[in-house]
Amino acid sequence: MRSRILWLALLVSGCASFDDGATIGTIQDSHQPLADIPLPRVMHEDVRREYRELLKTIEDRELKEQIERRIASVYMLEGDYNQLRGVLPGDTGYFPDAIVAYQELLQKYPDSDENAEAMYQLAKAYDLDGRDQDAKIVLEQFIQDHPHSERLAEVYFRKGDIHFRHEEYENAEQAYRAVIALGNDSAFLNNSYYLLGWSQYKLSDYDNSLMAFSQVLDRLVPADGKIEKLDNVNRSLVDDTLRIMSVGLAYAGGASKIDSMFARRPESAKYTWILYSSLGKHYLEKQRYEDSASSFRAFVVQNPDSDRAPEMHADMIRAYVDGEFSQQVLPEKESYVRNYGIRSEFWKTKPADIRAKVIPNLKTYIDELARHYHATGQRLKRELAEGAASAAGQVASVAEQRTSFLKAAEFYGEFEQTFPNDPKVPEMVYMRAEAAFDGGDYPTAITHYERTAYEFNSSGFGADAGYAAIIAYQKEAERLMAETGEGSEQLRAWRSKGVDSQLRFVQAFRDDERSGAVLAKTSEELFALGRYEKALEVATGIVSREGNVDRELNRTAWGVIAHSQFELGDFPAAEAGYRNQLRYIDTADKQYGEISERMAVTIYKQGEQALEAKDLAGAVEQFLRIKEEAPNTDVRVIAQFDAATHLMTLEDWDPALAEMNELRRLFPNHKLAADLPQKIAWAYEQDEQWQKAAREYESIYRSDARASVRRDALFLSAELYEKAGDQEQALTYFKKWAFDYEEPFDTRMEARYHVAYLYKRMDDLNRHLYWLRRVIDGHNKAPSGWQSDRSAWLAAWANNEYGDYWRTEFDRVRLRHPLNKSIPRKNEKLKNALDRYQQAVDYSVLDQTTRATFNIADLYGQFARELMDAPKPKGLSELEAMQYELVLEEQAIPFEDLAIEVHQANIERSWGGMFNPWIERSFGAMAKLNPARFDKQEVQVAYGDGIR
């Protein structure tokens, strides 16, 4: 114990006691390895207990004071630790023991030099425990008692924080001013300026508030104004300062306040632009779009040569866009391009890195301006074409239209000049030509059409531009003709250039369909007029002439031939024409697919002609030929679908199924695919492929969105599974139908019938009887409008089936001695069976009535026989036995008479022309019951049919 106390004493007295000259450096110099020494886990209470044990052995007053201060510090550490871990505080908070310990230290050692720290820690403990008013009292006492403490700035700051928290802004202002007055660049100086600004803001002292906030910016914003270089803490403080300054500026007068307050402060020059920007963004957040734009504009106007001017100008435009001030947006975008574009002084004088910042906006604005003026010109052109304006309005619109197109052309040109290597340049050159064309500047249009067509080989506008250049030549020729007359040299020179342009077009765009159109103009015009025979004559002359015929000309000519033959109804010849046309088209060419589609239509038309001639097989052959000749056309799907339909009409099930299954596999998303499942299922059914048909209907049930189709498919699937011998699946689906659907009523009755029937086949007697009752109740309880002959038949059948069950039960009961016990049991089964058979008769359904009638009669006859054959009691004398037999016979005869009577009723039905197996069986039964009348053999007599 003594050694532990000595160790703690040495620890308290400081590390100097252990200075024996050895250091980590000397150990390393001697190359002694350093090893980690595991330290034991020591709890705060353990430390305090060790200190208290040490106090008992220490006599020195100063050392005892130090140990007591250490104990208070451990209490403080423990409170901090528990608070950090989220341990629930006690009733008096996390730091009650620390508070008591520091209070005791202050009372016990009132004159100690270390009381300033004790008071600071006491105030901190109060504050952390939420007792900030107690903390404030201690802090005020600290200021009074320790005016020269190194912690004084922090104490004033903490005091100001408490005042601010309780909205005591004047006191908070005084406290923060005290921190600032102490100076010394304390750690709390920036935050004190910040919170001083907030306190003054809360007191509506906006001017002083702004100046206090500006001190934060003076101290933190870098000389180059790039606040993004600050660390996270200072960046956050600067951002918050800017936000509140924006609010304060908004209250104090807006952008004009920035100029009046900061124009004469050189230290603020590095961030003045940020104030304008922050204010503008503040207004933007508040949806004060005009004020936002005015803030950005104020900076741009006052600092036109600033590197930040383009950024602020773009923010101004964005404010107008967000506020939907469309009338201001366009002029400001033009101003932006004029002030900072490639033709501006800004562009000529600024370094590359500054110019690079305006490039994205220039690219966007120039593009938007060009397209805006282009669209405006097109709108005016459309309105003029519609004749909506008055005569005076039309003159103004014509002028405005031309101006809009020419301004669009100018901006397209500026885009190319500014961004010569941009991928959009070919498009811009083409659009410049288009705008110039619509603005009547045909020479400019020609220049840029031809640049598009022949300079930018990869441009998607090449062929269109080349063709448009030809039209522009014609337009300029028309203008010159009106200006100079038909025979002028200027006009002749211009037409010569136009011819050169046409030849250049044909050479450069041989694959373009318009090249052939120029050369085959006559034949096409004839075709357009409906003079097909003449068009054929001209086009045939083109493809037949000797020598090398231009590929494009051949393509166009064969197209004219094929079109003409099609219109004349000669579909085989039209097909041949399209085949010849395809020879001159690459398979990758879009037109190859279009011509293939037309050829497929001609084959389809030949199939239709076969149908008109009632030649189904020939029609099928034509339709299926499209699969081979034009497999990738839209007509192919329709033709193959029609072929399958006609094959089903011909009852060629296998080929029909092969075509439909192929269609479903290859074209699952075609609009006709929706009809395929039902057709395939029906074809399988007709071909008696029950299992496949059942699965198809099952698939329809699972996938079709139409409720009625799903319902019918479920029943058909069940029926076909039953035909296929899959009784389990059939039963499952019949039951599902019966449970899920109430209508149609007849189908529901059929479903119940099948369930009952299948349970009988599966020897599940209880479920069989249950579903027989469902069939009977289904008919009996249905509204009269629902009941039908079929539902009556099913109810009669179900009652007969139920009667057969009771007859089986009747057969199982044997007459035994004593008869007075076995006869009632037998009679009960007889009654139940007769009751069910009689209910079957009540439905008046012929085959079920005769079935029930036969069974009723047969039951009576069987009961009579069993009575007469009943066992005799043992020990009867011969006379008693004879008497016993007479009694049984007397009991049996009425049942036998009933049997004869009922059989007779069944037989009489045949006299009215009705006959079926049940009536026939009644005849057989009567042959045994009344042989004299019913067991006679027919005598067959042959008669001649001649007349003598």
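By convention here, the first residue in the shown sequence is residue 1.
- When all heavy atoms of Glu742 and Trp786 are compared, the closest pair comes out as O-CZ3, 4.4 Å.
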Mind running side-chain contact (heavy atoms from CB on, under 4.5 Å) on His374 and Phe405 for me, showing each step along the way?
CA-CA 5 Å; His374 203 158; Phe405 281 129; 3.6 Å; yes
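- Although no hydrogens or angles enter the test, the distance criterion places a donor-acceptor pair under 3.5 Å between the side chain of Asp422 and the main chain of Lys424.
- With sequence neighbours left out, Asp789 forms a salt bridge (Lys or Arg N to Asp or Glu O under 4.0 Å) with no residue at all.
- The ring-ring contact (aromatic ring centres under 6.0 Å, His included) contacts involving residues 648-672 comprise Trp653-Trp682, where partners must be two or more places apart or lie in separate chains.
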Should Gln640 and Arg636 be marked as a side chain to side chain donor-acceptor pair (under 3.5 Å) after you check the CA-CA gap, both sets of side-chain angles, and the distance that decides it?
CA-CA 6 Å; Gln640 191 172 355; Arg636 173 259 173 89; 2.8 Å; yes
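- Tested against Tyr721, the residues Arg695, Glu698, Gln727 include a single side chain to side chain donor-acceptor pair (under 3.5 Å) partner, Glu698.
- Relative orientation of the Phe734 and His754 rings is parallel, given thresholds of 30° and 60° on the angle between their planes.
- Within the structure, salt bridge (charged side-chain N to carboxylate O under 4.0 Å, His left out) pairs that include any residue of residues 461-472 comprise Asp464-Arg514 (at least two apart or interchain).
- Pairs engaging residues 637-657 under the salt bridge (charged side-chain N to carboxylate O under 4.0 Å, His left out) rule: none recorded [sequence neighbours left out].
- Remark: Ile700 CD1 to Arg706 CZ distance equals 9.0 Å, nearest 0.5 Å.
- No side-chain heavy atom of Ile680 sits under 4.5 Å from any side-chain heavy atom of Lys692.
- In this structure the side chain of Tyr701 never reaches within 4.5 angstrom of the side chain of Arg711, judged on heavy atoms.
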Before giving the answer on salt bridge (charged side-chain N to carboxylate O under 4.0 Å, His left out), spell out for Arg371 and Asp367 the whole-Å C-alpha distance, their side-chain angles and the decisive distance to 0.1 Å.
CA-CA 6 Å; Arg371 296 184 189 279; Asp367 190 358; 2.5 Å; yes
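- For the pair Glu629/Arg579, a side-chain contact is recorded, criterion being any heavy-atom separation below 4.5 Å from C-beta on.
- A pairwise comparison of heavy atoms in Ala436 and Ala445 identifies CB-N, 3.8 Å as the closest pair.
- Within the 4.5 Å cutoff, no side-chain heavy atoms of Arg748 are placed close to those of Phe739.
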In sequence, state the C-alpha distance, the side-chain angles, and the governing distance for Trp690 and Tyr697, and then conclude on ring pair (Phe, Tyr, Trp, His ring centres under 6.0 Å).
CA-CA 11 Å; Trp690 311 123; Tyr697 283 121; over 10 Å; no
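- Side-chain contact between Glu801 and Asp804 is present, with heavy atoms from C-beta onward closer than 4.5 Å.
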Working note: Met762 + Glu728, criterion side-chain contact (heavy atoms from CB on, under 4.5 Å); need CA distance, chi angles, decisive distance, verdict.
CA-CA 9 Å; Met762 298 165 73; Glu728 289 287 347; 3.1 Å; yes
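- Remark: side-chain polar atoms of Thr649 are paired, donor with acceptor, to backbone N or O of Thr645 under 3.5 angstrom.
- In plain terms, the two heavy atoms of Phe641 and Asp675 that are nearest each other are CZ-CB, 4.0 Å.
- Counting only residues at least two apart or in different chains, salt bridge (charged side-chain N to carboxylate O under 4.0 Å, His left out) contacts with residues 608-620 comprise Lys605-Glu608.
- Not counting sequence neighbours, Lys723 has no partner by the salt bridge (Lys or Arg N to Asp or Glu O under 4.0 Å) test.
- Asn661 pairs with exactly one of Arg664, Glu659, Arg665 by the side chain to side chain donor-acceptor pair (under 3.5 Å) rule, that one being Arg664.
- A donor-acceptor pair under 3.5 Å links the side-chain atoms of Glu597 to the main chain of Val635, judged by distance alone.
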Under the ring pair (Phe, Tyr, Trp, His ring centres under 6.0 Å) criterion, do His779 and Tyr843 qualify, and how do the steps go?
CA-CA 10 Å; His779 173 81; Tyr843 291 104; 5.4 Å; yes
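- Remark: aromatic rings of Tyr430 and His448 are distant, center separation not under 6.0 Å.
- The aromatic rings of Trp797 and His768 sit perpendicular, their planes meeting at an angle over 60°, well past the 30° parallel limit.
- Between atom CD of residue Glu575 and atom CZ of residue Arg625 there is a gap of 4.5 Å, rounded to the nearest 0.5 Å.
- At least one side-chain heavy atom of Leu714 sits less than 4.5 Å from a side-chain heavy atom of Tyr741.
- Residues Arg379 and Gln401 bring no donor and acceptor atom of their side chains to less than 3.5 Å of each other.
- Atoms OG and CG, on Ser791 and Asn780 in that order, are 9.0 Å from each other to the nearest 0.5 Å.
- Between Gln591 and Asp589, the side chains place no donor N or O within less than 3.5 Å of an acceptor N or O (distance only, hydrogens not considered).
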Side chain to side chain donor-acceptor pair (under 3.5 Å) between Tyr449 and Glu434, intermediate numbers included:
CA-CA 8 Å; Tyr449 275 139; Glu434 290 274 84; 2.3 Å; yes
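- Of all non-hydrogen atoms in Ala795 and Val775, the two that sit nearest each other are N-CG1, 4.1 Å.
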Go through the steps for Leu611 and Phe623 under the test side-chain contact (heavy atoms from CB on, under 4.5 Å), then give the verdict.
CA-CA 11 Å; Leu611 286 177; Phe623 291 147; 4.0 Å; yes
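- Taking every heavy atom of both residues into account, Gly618 and Ala610 meet most closely at C-CB, 3.9 Å.
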Take Met749 and Phe745 through the test side-chain contact (heavy atoms from CB on, under 4.5 Å) and record every step on the way to the result.
CA-CA 6 Å; Met749 290 293 292; Phe745 169 72; 3.6 Å; yes
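- Interatomic distance, Thr850 OG1 to Glu920 CD, rounded to the nearest 0.5 Å: 11.5 Å.
- Between Ala630 and Met599, the shortest heavy-atom distance links the atoms CB-CE, 4.3 Å.
- Residues Glu662 and Lys627 meet the side-chain proximity criterion, which asks for heavy atoms closer than 4.5 Å.
- In this structure, Arg909 and Thr849 have side chains that are in contact, with non-hydrogen atoms separated by less than 4.5 Å.
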